[in-house]
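Read through the structure below, which is laid out as structure tokens, and then see the notes.
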Amino acid sequence: MTDAHTAGPFIAAIDQGTTSSRCIVFDKDGRIVSVDQKEHEQIFPRPAWVEHDAAEIWTNVQEVVSNALIKARISREDIKAIGITNQRETTLLWDRHTGEPVHNAIVWQDTRTDALCRELGRNVGQDRFRRETGLPLASYFAGPKVRWLLDNVEGLRERAERGDILFGTMDSWVIWNLTGGVDGGVHVTDVTNASRTMLMNLHTMEWDDKILTSMEIPAAILPEIRSSAEVYGTAKGVLEGIPVAAALGDQQAALFGQTCFAEGEAKSTYGTGTFLLMNTADKIINSYSGLLTTVGYRIGDQKPVYALEGSIAVTGSLVQWMRDQMGLISTAAEIETLASSVEDNGGAYFVPAFSGLFAPYWRSDARGVIAGLTRYVTKAHIARAVLEATAWQTREIVDAMHKDSGVDLTALKVDGGMTSNNLLMQTISDFLDAPVVRPMVAETTCLGAAYAAGLAVGFWPDTDALRANWRRAAEWTPRMDADTRDREYKSWLKAVERTMGWIDHEE
Ligand SMILES: Nc1ncnc2c1ncn2[C@@H]1O[C@H](COP(=O)(O)OP(=O)(O)OP(=O)(O)O)[C@@H](O)[C@H]1O
Ligand SMILES: [Mg+2]
């Protein structure tokens, strides 16, 4: 039942994530009224290939939306707008006449476009499109995945050139279906998602013709690029008549949900991977330290807000790997109990370069290592090394951010599933030598999408009203002495060196 604290109206957010889809209903104070969530299958056709069934995802999205409304005991008239947030870069092509995907979605972690990216960078290098897009050539981004599909699905290029095929990241797929699909669904994406395709020019916020030509991608398949907070259309089905009013990539949504609206404000989200984003206001800061330049958000017809991003591919998924592949723990939370049973890492360092290294290295030839092993090391030390891996990778990103922007982080705002791990949060604070703070609502991804949708329809008047909702729930302060920190950091960096060059790239 909705009591006095959760009186309507409400905003709903859909988070189409890498491992699951969620729907959360929020009230005006930004508090959670109800949540529903459903996992989808991770398809691994070959080592380092990862796919999702987009039809399964759309079914799950509809289900979690219905269930969230039922759990909140509200009817759809109480919902004033819907915001979408999504796993970024995951790439889908579908038939505009039937609504059927032409292939499974290729997930952001998938490295099948590695050779293609090296080919595109031939003679010019990894930074061929960096000035226009803010991104290095890497298998992570959507553009090369589109090209791979056009080259590898029989007859697809002809269909695409005829105008029968639509491309989208998961925001576009959800919005198109939500607004009617084959019956007038709108084909749009927002600036944040578009900024991860490697096809959008950061300066003009439009698809870059030169890059499209270089990548051999027909413009006919591309969605229209819109703001992150504006009404794209109205929903059909369970949410009939409700404005679909926001879209943001999940990490940008978390930046928004953490109310990092001022230049220099940053957050780090600890989920499957970890992504640290810093608001750089209207400045497109070129990175010389392996960070990405990306769009933070754009509200209505205001100017876009840019961000610097440090992306770490493997953090929470290393904990999952310890659970599912190694069987050393039976739940993710047990990693903390096991790691806490020893004082330190016993000399062991774990660099989880499972699909190469993302920021700040961008090395696709790296693979994971556990370094420093002796007869002394136990599974508890390894558990500690697992947590320290997340903390050291954060430290490397923070150092790079400082080099590129000159901004010193005074405190790090954190969120995501791994922030329930106290030992990890303390370790991050120790390694950064800075306080780490977590807000009351750790579901900042959904919250950010709800905030953007609420702003678009006037549910909240401005970003100041959103800031007022941010409340600190926990804080960790550094307790490690400088000598230990410096010595440990050196050992970590030595371990990182040992991951490089493991894969021989054959031409
Ligand atoms: N107590 C814990 N200690 C360490 N890691 C944890 C703990 N609890 C959860 N995790 C890890 O956090 C991750 C889940 O966090 P979260 O739900 O924020 O993921 P996510 O990245 O949002 O998922 P998606 O990719 O679907 O969006 C999992 O990888 C899990 O292993
Ligand atoms: Mg997520």
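For ligands, and for the atoms within them, numbers begin at 1 and follow the listed sequence. Everything numeric in this text was worked out from a predicted model, so none of it was measured.
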**Prompt:** Which protein non-hydrogen atom lies closest to atom 31 (O) of ligand 1, naming both residue and atom, and how far is it?
**Reply:** G316 O, 3.0 Å
**Fill in**
ligand 1 to G416, heavy atom cutoff 4.0 Å, flagged ligand atoms 18 (O)
**Item:** Nearest-neighbour protein heavy atom for atom 23 (O) of ligand 1, which is reported as residue plus atom name and distance
**Value:** T19 OG1, 3.4 Å
**Prompt:** So is there a nitrogen or oxygen of L387 less than 3.5 Å from a nitrogen or oxygen in ligand 1?
**Reply:** no
**Asked** Is the NZ or CZ atom of R88 positioned over F275's six-membered ring, under 6.0 angstrom from the centre and within 45° of the axis?
**Response** yes
**Asked** Can you list the ligand 1 atoms lying under 4.0 Å from a non-hydrogen atom of S20?
**Response** 26 (O)
**Prompt:** If you draw a 6.0 Å radius around CD in E343, do more than 12 non-hydrogen atoms from other residues or ligands fall strictly inside?
**Reply:** no
**Request:** List the closest protein heavy-atom neighbour of atom 12 (O) of ligand 1: residue, atom name, distance to the nearest 0.1 Å.
**Result:** M418 CG, 3.6 Å
**Item:** Proximal atoms of ligand 1 relative to S317 (non-hydrogen, under 4.0 Å)
**Value:** 29 (O)
**Complete:** For atom 4 (C) of ligand 1, the closest protein heavy atom turns out to be N421 ND2, 3.6 Å
**Minimum-distance protein heavy atom relative to atom 10 (N) of ligand 1** = A332 CB, 3.8 Å
**Prompt:** Which of the atoms in ligand 1, numbered in the order shown and given with their element, are less than 4.0 Å from a heavy-atom of G17?
**Reply:** 26 (O), 27 (O)
**Request:** For this output row, return yes or no: ring centroids of W492 and F431 closer than 6.0 angstrom.
**Result:** no
**Message:** Applying the side chain to side chain contact (heavy atoms under 4.5 Å, CB included) criterion to L276, which one of V414, L412, I312 satisfies it?
**Reply:** L412
**D250 N/O to ligand 1 N/O under 3.5 Å** = no
**Message:** Below 30° counts as parallel, above 60° as perpendicular, anything between as tilted: where do the rings of H52 and H40 land?
**Reply:** perpendicular
**Message:** Under 3.5 Å between any N/O of I335 and any N/O of ligand 1: does that happen in this structure?
**Reply:** no
**Prompt:** With a 4.0 Å cut-off, would you call K145 and D110 a salt bridge?
**Reply:** no
**Electrostatic pair R395:E488 at N-O distance under 4.0 angstrom** = no
**Prompt:** What residue and heavy atom of the protein are closest to atom 8 (N) of ligand 1, and at what distance?
**Reply:** G417 O, 3.6 Å
**Item:** Atom indices of ligand 1 within 4.0 angstrom of T18 heavy atoms, with elements
**Value:** 24 (P), 25 (O), 26 (O), 27 (O)
**Asked** Which one of T197, D171, N86 satisfies the side-chain hydrogen bond (donor to acceptor under 3.5 Å, both in side chains) criterion with T189?
**Response** D171
**Fill in**
among protein heavy atoms, the one nearest atom 17 (O) of ligand 1 is R22 NH2, 3.5 Å
**Request:** Note the single closest protein heavy atom to atom 25 (O) of ligand 1, along with its residue, its atom name and the distance in Å.
**Result:** T272 OG1, 2.7 Å
**Message:** Can you name the atoms of ligand 1, numbered from 1 with element, that are less than 4.0 Å from a heavy atom of Q320?
**Reply:** 28 (C), 29 (O), 31 (O)
**Message:** I'd like to know if the side chain of Q16 pairs up with that of S21 as donor and acceptor (distance under 3.5 Å, no hydrogens or angles considered).
**Reply:** yes
**Prompt:** Would you call K38 and E56 a salt bridge, taking side-chain N to carboxylate O under 4.0 Å as the test?
**Reply:** no
**Request:** If the plane angle is over 60° it's perpendicular, under 30° parallel, otherwise tilted; pick one for F358 and Y140.
**Result:** tilted
